[in-house]
Amino acid sequence: MRVHELAKEFGMSSKELLDRLAEMKIPAKSHASMLADAYVAKIRKNLEPEIKQRAGQLEDTEAAELAEEQRAQAEKKAEEERRRREAVEEERKRREAERARRWFVQ
């Protein structure tokens, strides 16, 4: 099955599906990429709740659970990004201090 066929089945764009595949670490470069049956099954399993939610088929509790899970993932991603930025800033400060020390010693 090709990416664009699966995207059409799910009612989403190929780009949207390619982004989701990248998150799931499933190799696909374009809308015409072939997906192995095992990958298709994994994609369907992982995206089923989201697809049902789009179609309005999820019950309220399932929808609330999915929303909570998505919120938690977004918070985790934001925290990781914050930590990465702090580490970059600390490294920048360390390098500036080292340059200043070297300049002062000369």
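Index from 1, following the sequence.
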Would a distance-only check, ignoring hydrogens and angles, find a side-chain to backbone donor-acceptor pair under 3.5 Å from Glu48 to Lys45?
no
Determine all donor-acceptor pairs shorter than 3.5 Å in which one atom belongs to a side chain in residues 31-43; sequence neighbours excluded.
unit_1	atom_1	unit_2	atom_2	d
Ser33	OG	Lys29	N	3.1
Ser33	OG	Ser30	N	3.0
Ser33	OG	Ser30	O	3.2

Between [Y] and [X], is the closest basic N to carboxylate O distance under 4.0 Å?
X: Glu90; Y: Arg94; result: no
X: Glu79; Y: Lys76; result: no
X: Lys77; Y: Glu80; result: no
X: Arg102; Y: Glu98; result: yes

How far apart are the closest heavy atoms of Leu17 and Ala7, and which atoms are they?
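Shortest heavy-atom separation between Leu17 and Ala7 comes out as CD2-N, 3.5 Å.
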Should we count [atom1] of [X] as having more than 12 external heavy atoms under 6.0 Å?
X: Arg83; atom1: CZ; result: no
X: Arg95; atom1: CZ; result: no
X: Arg92; atom1: CZ; result: yes

Find the distance between [atom1] ([X]) and [atom2] ([Y]) and round it off to the nearest 0.5 Å.
X: Met24; Y: Asp19; atom1: CE; atom2: CG; answer: 10.5 Å
X: Glu16; Y: Phe10; atom1: CD; atom2: CZ; answer: 11.5 Å
X: Leu21; Y: Leu6; atom1: CG; atom2: CG; answer: 7.5 Å

Just jot down the salt bridge (Lys or Arg N to Asp or Glu O under 4.0 Å) partners of Arg84, sequence neighbours excluded, or say none.
Glu81
Could you tell me whether the side chain of Glu9 reaches within less than 4.5 Å of the side chain of Glu5, counting heavy atoms only?
no
